[in-house]
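Shown next, in structure tokens, is the structure this report addresses.
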2 protein chains.
Amino acid sequence: MSNIREVADLAGVSVATVSRTLQQPELVSPKTRAKVTRAIEQLNYKPNLMAVKFRSGKTHNIVVLVPTVANVFFARVIRGMQEAAAAEGYSLLLVNTMGDNATEQNYARMIHTSQADGVVQLRAFNPFNDNDADEQGLLPMVNACEILDTPQCPTVSLDNRLAAAAMTEHLVELGHQHIAMIKGPASSPLTRERMLGFKDALQEAGLKYCEELMFDGDFTLQSGYDAADRILSQSQPVSAIFCENDEMALGAISRLKAAGLRIPEDISVSGFDNIAFAKFSDPPLTTIAQPAEEFGETAINLLIDVLKGKAKRAVKVILPYQLIIRNSTGPAPAQPVNLTR
Amino acid sequence: MSNIREVADLAGVSVATVSRTLQQPELVSPKTRAKVTRAIEQLNYKPNLMAVKFRSGKTHNIVVLVPTVANVFFARVIRGMQEAAAAEGYSLLLVNTMGDNATEQNYARMIHTSQADGVVQLRAFNPFNDNDADEQGLLPMVNACEILDTPQCPTVSLDNRLAAAAMTEHLVELGHQHIAMIKGPASSPLTRERMLGFKDALQEAGLKYCEELMFDGDFTLQSGYDAADRILSQSQPVSAIFCENDEMALGAISRLKAAGLRIPEDISVSGFDNIAFAKFSDPPLTTIAQPAEEFGETAINLLIDVLKGKAKRAVKVILPYQLIIRNSTGPAPAQPVNLTR
DNA sequence: ACAATAAATGTTATCGGTTACATTGTTTAT
DNA sequence: ATAAACAATGTAACCGATAACATTTATTGT
């Protein structure tokens, strides 16, 4: 691999001139420029970017902490980040953290070892210590999708509470009075927000919130299936299930159908995220669409602002949701179906 | 950010001693070691890994070219890679290439600019020039999942032809004589291999291969839906559809059900990949399971072998497939159903 | 006790660029 | 014609760690 000195020698100039030819060609006379360019081509010279990054102290790398890349929603977010990063000359270091705090702290440490300039965190967990903040108290981080309650960095989120309320209203308008909810992990703020929105809407409609109709899941298909199983084996009437994401909704539908229930005639099911499969399931899933790619794009752009020192901690971008009504939700049956037949 | 010199000064030793304390502590006397360790803690010193990488010429970065991270199968492969890489101290630079050759060449160039040591390519495309090979004619690359016909690097693949033949045999054994196929993009070797396996099995069974029953798709849900639409509007009888991946199978099922067909009573549908959704679809999908995580793991380990100079070009790992029979395939109807009702 | 050997530590060149500053060559203004 | 201003190019310090080699200190054998 040739270096800048070899190029300089071949062109009969100094290394500074070679560097200038590449960085600020206007400072180099056309004659010299031509000589240098020829030498570069002849040697097939490529600047060692590791050296540049080391010298400049800027890596142009961004660590992205993803709970699970195997999640269809995150995959879209990642695509959005990728594009925004590429446009600004940044590379992404994607890390599949499996939601493990220690792993996240480990990778966030790449900031300290000068391997990356900043972090995008897709989970409500602060992988830094407080003394990692800069003069203005800003961490080199952006928190997106699932955000911290008291973030020390810009955030990008959805108004999950409002969105969940909107979905609940939709169910209430269809006449549902006994709505079960399949929740995400209790540790996730998304779960809490969506649950609060659910409660808000119930209260608004004068319906009572019933703790026994709240079921735990972990955002996977299997957990949706299992939760539906528990719903089927309890005694309360239920005519609709609000699932906190599409995967769990699809898992639940699978179980309900296995029990011979018709959707939405016997029971309505709704999701959250509008993943690609939602449109093609049987029946197509009523859900909340999130602008996933835009999450990624916004997060990266905010982070670059932070890195350039032109961002305030207070920046909180809230992206719009959209209620997508398909066929998995319908009018409540006149008689609540007996689930435990 | 403190550097090794500040630590040396505070501890009252030379920089070499500090470096040794971290790299080969057995060469440093316990007394000195203690002094240095104390200074390191006091200054909260973290070695600048960018400097280390620059100095050593080894980045411990691996570029991963992924056609689409939004693909559930690739997401699993990525998880496998992540784990294997972490175990060996490597970081992944994931790139969502959207199958664009220019983008892939661009990112493969990171090898030349010393930003990464090697590349894992998940598509049958060589992003390098031939003169990028090392002395033994090896590229710093491993090709996994969809592999090149004449690779200049180790490969990890499935025997797609055999697997497709196995699936076809399964359909034939159920009595199907008119089997349509929804293919991937013609540019993909996977498509060709699976098609050849399909043909092999038809021939073996004494059935004739029929060009009009081959339909194009691009591995997305929507393309499966669209292809099924075309199948419904043509005149040949069809009692089973072999889809080259699960997404297309699920898209096709969606369309077939919309036409009032029952699966598998009226028509059987099979997939390929065994993504998580396959188990929870209605009906659950008959498919070929691939050890996705193992693909990733093997690819990374092979690449690390290449980088260490202990791999031969000829290494071709072939991982096992598994035929998973669920309910989307069943006995052929006595009378072929008239699709265009 | 003293050379021979081993262990511990220090000095410094090096990796490949960038850039402040120095130097040389060329115009322009008077 | 000559000083001043400017353009073009060169020289060398620097970023932070590593490691070859040099030097100092401790240990061993006789």
Side-chain angles (χ1 to χ4, degrees), chain A residues 1-40 42-61 89 109-117, chain B residues 1-40 42-61 89 109-117:
Chain A
M1 197 87 78
S2 54
N3 61 28
I4 198 170
R5 253 160 280 265
E6 295 174 40
V7 174
D9 289 350
L10 180 61
V13 300
S14 72
V15 292
T17 301
V18 176
S19 178
R20 272 189 290 257
T21 306
L22 293 167
Q23 306 302 323
Q24 313 155 66
E26 68 281 4
L27 294 183
V28 180
S29 76
K31 267 206 323 277
T32 318
R33 218 184 298 167
K35 276 193 299 186
V36 172
T37 310
R38 190 144 17 88
I40 287 176
Q42 213 162 322
L43 293 172
N44 189 27
Y45 165 72
K46 312 272 179 220
N48 180 329
L49 289 188
M50 224 55 188
V52 174
K53 290 176 172 193
F54 161 55
R55 180 58 159 75
S56 68
K58 298 270 166 253
T59 65
H60 282 85
N61 288 157
R109 212 167 291 153
M110 292 179 83
I111 303 300
H112 302 130
T113 55
S114 309
Q115 294 185 86
D117 299 340
Chain B
M1 197 88 78
S2 53
N3 61 26
I4 198 170
R5 250 160 284 264
E6 294 174 41
V7 175
D9 289 350
L10 181 60
V13 299
S14 72
V15 290
T17 301
V18 177
S19 177
R20 273 190 291 257
T21 306
L22 294 166
Q23 306 302 322
Q24 313 154 67
E26 68 280 5
L27 294 182
V28 180
S29 78
K31 269 206 322 277
T32 320
R33 217 184 299 166
K35 276 194 298 185
V36 173
T37 310
R38 190 144 16 89
I40 287 177
Q42 212 162 323
L43 293 172
N44 190 28
Y45 165 71
K46 310 273 180 221
N48 180 328
L49 289 187
M50 223 57 190
V52 174
K53 290 176 173 193
F54 161 56
R55 180 64 165 59
S56 68
K58 299 270 166 251
T59 64
H60 282 85
N61 288 157
R109 213 168 289 153
M110 291 178 83
I111 303 300
H112 302 129
T113 55
S114 308
Q115 293 186 88
D117 299 340

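Just so we're on the same page: letters track the sequence lines, and every chain starts at 1.
- Of the residues in residues 4-12 of chain A, those with a non-hydrogen atom less than 4.0 angstrom from any atom of DNA chain C are A/Ile4, A/Arg5.
- Nearest heavy-atom pair across B/Asn3 and B/Tyr45 is C-CE1, 3.6 Å.
- In this entry the distance linking CD of A/Gln24 with C1' of D/dA7 reads 14 Å, nearest Å.
- Distances from the side chain of B/Arg55 to the nucleotides C/dT9, C/dT19, C/dA13 place C/dA13 closest.
- Among C/dG10, D/dT9, C/dT18, the nucleotide with an atom closest to any side-chain atom of B/Thr17 is C/dG10.
- For the pair B/Gly57 and B/Asp117, the tightest heavy-atom approach, listed with the atom from each and the gap, is O-OD1, 4.4 Å.
- Considering every non-hydrogen atom in both A/Ile111 and B/Met1, the closest pair reads O-CE, 4.3 Å.
- Relative to the side chain of A/Ser29, the nucleotides C/dG17, D/dA12, D/dA8 differ in distance, and D/dA8 lies closest.
- Between B/Gln115 atom CD and C/dG17 atom C1' there is a gap of 14 Å when expressed in whole angstrom units.
- Rounded to an integer number of Å, the gap from B/Tyr45 OH to D/dG16 C1' is 7 Å.
- The 5' end of DNA chain C is approached more closely, in terms of each residue's nearest nucleotide, by B/Pro30 than by the other of B/Pro30 and A/Lys46.
- We find that NZ of B/Lys53 is positioned 17 Å from P of D/dG16, with the value rounded to whole Å.
- A/Ile4 and A/Ser19 make their closest contact through CD1-N, 3.8 Å (heavy atoms, listed as atom of the first residue, atom of the second, distance).
- The two residues A/Ala8 and A/Val15 make their nearest non-hydrogen contact at CB-N, 3.7 Å.
- Rounded to an integer number of Å, the gap from B/Lys58 NZ to C/dC15 C1' is 13 Å.
- One can place CG of A/Asn3 at 9 Å from C1' of C/dC15, the figure rounded to the nearest angstrom.
- Backbone-only contact: A/Thr32 has heavy atoms under 4.0 Å from sugar-phosphate atoms and none from a base.
- Residue B/Phe54 has its side chain nearest to C/dC15 when only C/dT18, C/dT9, C/dC15 are considered.
- Donor-acceptor pairing under 3.5 Å, judged by distance alone, is present between the side chain of B/Arg20 and the base of C/dG10.
- Of all nucleotides listed (C/dA8, D/dA17, D/dA12), D/dA12 comes nearest to the side chain of A/Val15.
- The two residues B/Val36 and B/Val7 come nearest to each other via the heavy atoms O-CG1, 4.4 Å.
- Rounded to an integer number of Å, the gap from A/Leu22 CG to C/dT18 P is 7 Å.
- One finds no side-chain N or O of A/Asn48 lying less than 4.0 angstrom from the OP1 or OP2 phosphate oxygen of C/dG16.
- To the nearest 0.5 Å, the span separating CE on A/Met50 from CE on B/Met110 amounts to 9.0 Å.
- Distance CG (A/Leu27) to P (C/dC21): 16 Å, rounded to an integer number of Å.
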